[in-house]
Amino acid sequence: MTTRIWIAASHDAVHRNGGWAFVRADAEPVGRAGGERRTTRARMALAGFLSALKDLPAGAPLAVVAARPDALVLHTLLKPPADPPTEDLDLRAVLAKALAGRPWTLAVGDPAAPTPTAFVAAWADTASEKAKM
């Protein structure tokens with residue numbers, strides 16, 4: 001059975017705080033959110049994805065949905081670009097290990113539509129605001 005995951009990140013460039021959130025449709029729905037100070041949106045997207053994978057069985061197939069900016073970051077894990085990323089190598093290494101041998105797909109979700117993508121986008125914004133405090 002394929003596990004569906006919706007991921008969103010948020011970033012306040014002025015205050016440099018960010019947040020992430022995910023909802024995972026599994027046997028039981030699971031969701032988490034978090035945030036950091038002095039971060040980037042890309043790092044938050046990667047951190048949210050890593051958190052979503054933490055307690056999944058190895059090899060379980062995934063169907064990931066993320067807002068466009070976050071999907072572009074996650075796409076570099078699915079299909080590495082010609083020029084490898086130079087930032088967030090710590091998260092990328094852990095994610096590469098977690099994704100090794102695991103089939104997964106990635107789709108762009110609309111954070112303005114009434115979908116799980118909208119919910120995780122709002123939750124990521126809240127996590128970003130909490131990180132600012």
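Pairs passing the ring-ring contact (aromatic ring centres under 6.0 Å, His included) check and including a residue from residues 25-84, sequence neighbours excluded, read Phe49-Trp104. Legend: salt bridge (charged side-chain N to carboxylate O under 4.0 Å, His left out) pairs involving residues 90-117, not counting sequence neighbours, sorted by first then second residue: Arg43-Asp90. For residues 1-27, the set of pairs meeting the ring-ring contact (aromatic ring centres under 6.0 Å, His included) definition, not counting sequence neighbours, is empty.
Of all heavy-atom pairs between Gly18 and Ala131, the closest is O-CB, 3.8 Å. When every heavy atom of Thr3 is checked against every heavy atom of Ala25, the shortest pair comes out as CG2-O, 3.6 Å. For Gly59 against Pro103, the heavy-atom pair with the smallest separation is O-CD, 3.8 Å. Taking all atoms of both residues into account, the shortest heavy-atom contact from Gly19 to Ser128 is N-CB, 3.5 Å. The two residues Leu91 and Leu50 make their nearest non-hydrogen contact at CD2-CD2, 3.8 Å.
Tested against Leu46 for a side-chain contact (heavy atoms from CB on, under 4.5 Å), the candidates Asp88, Ile7, Val94 yield a single pass: Asp88.
Side-chain contact between Val30 and Lys54: absent, with no pair of heavy atoms (C-beta onward) separated by less than 4.5 Å.
Leu56 and Leu106 fall within a single hydrophobic cluster, where Ile, Leu, Val, Met, Phe, Trp and Tyr are joined by side-chain heavy atoms under 4.5 Å apart, directly or via other members. Both Leu78 and Leu53 are members of a single hydrophobic cluster when ILVMFWY side chains are connected at heavy-atom separations under 4.5 Å.
Shown here are the side-chain contact (heavy atoms from CB on, under 4.5 Å) partners of Pro81, two or more places apart in sequence or in another chain: Thr76, Pro85. For Arg16, there are no salt bridge (Lys or Arg N to Asp or Glu O under 4.0 Å) partners two or more places apart in sequence or in a different chain.
Side-chain N or O atoms of Arg24 include none that pairs as donor or acceptor with a backbone N or O of Ile5 at under 3.5 Å.
The line from CG of Leu74 to CG of Leu95 is 8.0 Å long, rounded to the nearest 0.5 Å.
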Distance-only donor-acceptor pairs under 3.5 Å for side chains of residues 61-72, two or more places apart:
from: Asp70; atom 1: OD1; to: Arg41; atom 2: NE; distance (Å): 2.8
from: Asp70; atom 1: OD1; to: Arg41; atom 2: NH2; distance (Å): 3.4
from: Asp70; atom 1: OD2; to: Ala9; atom 2: N; distance (Å): 3.0
from: Asp70; atom 1: OD2; to: Arg41; atom 2: NH2; distance (Å): 3.1

